[in-house]
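Below is one structure, written out as structure tokens; comments come after it.
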Amino acid sequence: MPELPEVETVRRGLVPRLVGHVLTRVEQRRPDLRFPLPEAFARRLTGRRVTTIGRRAKYLLAELDDGNVLMVHLGMSGRMVLEAPRGGAGTLGEFYHAHDLNGAHDHVVLTTDDGWTVRFNDPRRFGMMDLVPAGGLAAHKLIRGLGPEPLDPAFDAAALERLLQGKKTSIKAALMDQRVVVGIGNIYACEALHRAGISPRRLAGTVRNERAARLVAAIKAVLNDAIAAGGSSLRDYRQATGELGYFQHRFRVYDRAGERCPRRGCGGTVKRLVQGARSTFYCPACQR
DNA sequence: CTTGGGTCCTGTGCGC
DNA sequence: TGCGCACAGGACCCAA
């Protein structure tokens, strides 16, 4: 799925088209995504003005003028796709083709007062949407219990060390645990660990001192680099504008099993291993 | 409490 | 070409 850099890129793409605009038409094409959509979902959204679009972890949070927040999670395959008003600018079929989309998976389609549409397309349907009062967000089942934002200055070596203290699981699994730190998924966990020179199998609780400092720096660097590149486009992911991110070309280890380790002077070979049913890519020679 | 495994769903790419 | 299987960017839920 979209990890933090992809969700943040989507957020930035949606802001100019949605913030300040009224949702004049809301089409809900199925009763549920990963979870059932809330009662009267489309009716409660229709006529509302979007005031801000924020992000917490991998959740997009669109605040509305009635005090509610539209929560969106993209799951593994979810996309938010912007489409300009049609003015003889081609057929819908051509639009789908150009965006490598299948309209069969457009589950929610929003139209704004200036004629733009945003379609939530999600073949695997691991994504979710909910509508919650702004004041109740912190207590929301899926928000409550989330760890710190990795790009927050408060997330530093001391904070990470504290979060990992006593953890018996692998550092790779801990980084992907949203209760420890949010926004990091399989790709960026692998990439951050490589940059930090830490083995994905290392016990989380043993990441301390200099290692914790290196890991925090690596996490922030890789996430910032990926955001600057518009995220990583593998199969499904695109920016809301339809553009492809290009950070996938900068992966140092992810999906590069058998290739030479890119670290200067290392000379090792990238290996794949399976942890918790997820592929991990790392260099056994320079990650300890 | 923590930890690991199964699970939801569809699409794609690979080996045969 | 076709078929079956492994695997895919997430994270909830439950058993141990």
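Note on naming: letters A, B, ... go to the chains in the order of the sequence lines (proteins, then strands), and numbering restarts at 1 for each one.
Side-chain contact between A:Leu37 and A:Met129 is present, with at least one heavy-atom pair separated by less than 4.5 Å. Contact of the A:Ile187 side chain with the A:Leu234 side chain is registered, since non-hydrogen atoms from C-beta on lie closer than 4.5 Å.
Protein atom CG of A:Asp100 is 18 Å distant from nucleotide atom P of B:dT10, rounded to whole Å. Rounded to whole angstrom, the span from the CG atom of A:Asp177 across to the P atom of C:dG10 amounts to 13 Å. B:dG11 atom C1' lies 12 Å from atom CE of A:Met76, rounded to whole Å. The distance from atom CZ of A:Arg278 to atom C1' of B:dT7 is 13 Å, rounded to the nearest whole Å. Whole-Å rounding puts the A:Leu33 CG to B:dT10 C1' distance at 14 Å. What separates CE of A:Met176 from P of C:dA11 is a distance of 8 Å, to the nearest Å. Distance A:Arg272 CZ to C:dA6 P: 12 Å, rounded to the nearest Å. What separates CZ of A:Arg30 from C1' of B:dC8 is a distance of 12 Å, to the nearest Å.
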Can you name the atoms? Protein N/O to nucleotides 4-6 of chain B N/O, anything below 3.5 Å, with the distance.
| unit_1 | atom_1 | unit_2 | atom_2 | d |
| --- | --- | --- | --- | --- |
| B:dG4 | OP2 | A:Thr169 | OG1 | 3.0 |

Set out, line by line, the N/O atom pairs under 3.5 Å between protein and nucleotides 13-16 of chain C.
| unit_1 | atom_1 | unit_2 | atom_2 | d |
| --- | --- | --- | --- | --- |
| C:dC13 | OP1 | A:Lys141 | NZ | 3.0 |
| C:dC13 | OP2 | A:Lys141 | NZ | 3.0 |

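In terms of phosphate contacts, A:Arg124 brings no side-chain nitrogen or oxygen within less than 4.0 Å of OP1 or OP2 of C:dG10. Contact between the side-chain N/O atoms of A:Arg125 and the OP1/OP2 oxygens of B:dT10 is found at a separation under 4.0 Å. For B:dC9, the OP1/OP2 oxygens have no side-chain nitrogen or oxygen of A:His105 closer than 4.0 Å.
Of all nucleotides listed (B:dC9, C:dG10, C:dC7), C:dG10 comes nearest to the side chain of A:His73. Residue A:Asn102 has its side chain nearest to B:dG11 when only C:dG10, B:dT3, B:dG11 are considered. Taking the side chain of A:Glu3 as heavy atoms from C-beta on, and the options C:dG10, B:dG11, B:dC9, the nearest nucleotide is C:dG10. Of the candidate nucleotides B:dC9, B:dT3, B:dG11, B:dT3 has the atom nearest to the side chain of A:Arg179. Candidate nucleotides B:dT10, C:dC7, C:dC12 were compared by shortest atom distance to the side chain of A:Tyr59, and C:dC12 ranks first. Of the candidates B:dT3, C:dG10, C:dA8, the closest approach to any side-chain atom of A:Lys167 belongs to B:dT3.
Residues passing the ring pair (Phe, Tyr, Trp, His ring centres under 6.0 Å) test with A:Tyr59 are A:His73, sequence neighbours excluded. In this view, A:Arg202 and A:Thr206 satisfy the side-chain hydrogen bond (donor to acceptor under 3.5 Å, both in side chains) rule, not counting sequence neighbours. Here A:Arg278 pairs with nothing under the side-chain hydrogen bond (donor to acceptor under 3.5 Å, both in side chains) rule; sequence neighbours left out.
The pair A:Asp225-A:Arg195 counts as a salt bridge, with a side-chain nitrogen and a carboxylate oxygen less than 4.0 angstrom apart. Under the 4.0 Å criterion applied to side-chain N and carboxylate O atoms, A:Arg56 and A:Glu149 are assigned as salt-bridge partners. The pair A:Arg49-A:Asp66 does not meet the salt-bridge criterion, since no charged nitrogen lies less than 4.0 angstrom from a carboxylate oxygen. By the 4.0 Å N-to-carboxylate-O rule, A:Arg55 lies close enough to A:Glu8 to be salt-bridged with it. With respect to A:Glu27 and A:Arg119, no salt bridge is recorded, no charged nitrogen being found less than 4.0 Å from a carboxylate O.
Backbone-only engagement by A:Ser279 is indicated by non-hydrogen atom pairs under 4.0 Å involving sugar-phosphate atoms exclusively. No contact: A:Tyr188 has no heavy atom under 4.0 Å from any strand. When heavy atoms are screened at a 4.0 angstrom cut-off, A:Phe251 is found touching no nucleic acid atom at all.
Going from the P atom of B:dC9 to that of C:dC3 covers 24 Å, rounded to whole Å. Comparing the P positions of C:dA6 and B:dG6 gives an interatomic distance of 14 Å, to the nearest angstrom.
Defined by atom type and a distance below 3.5 Å, a donor-acceptor pair is missing between the side-chain atoms of A:Asp122 and A:His107.
One distance of note links CG of A:Asp177 with CD1 of A:Ile184; it measures 10.5 Å at 0.5 Å rounding. Here the CZ-CG distance, from A:Arg48 to A:Leu110, works out to 13.5 Å after rounding to the nearest 0.5 Å.
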Notebook entry, point to check: Could you spell out the base pairing of DNA chain B in dot-bracket, with Watson-Crick or G-U pairs whose two distances are under 3.5 Å, [ ] crossing and | to another strand?
Noted result: .|||||||.|||||||
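The aromatic ring of A:Phe126 is stacked on the base of C:dG10, with the two ring centres less than 5.5 Å apart and the planes inclined by under 30°.
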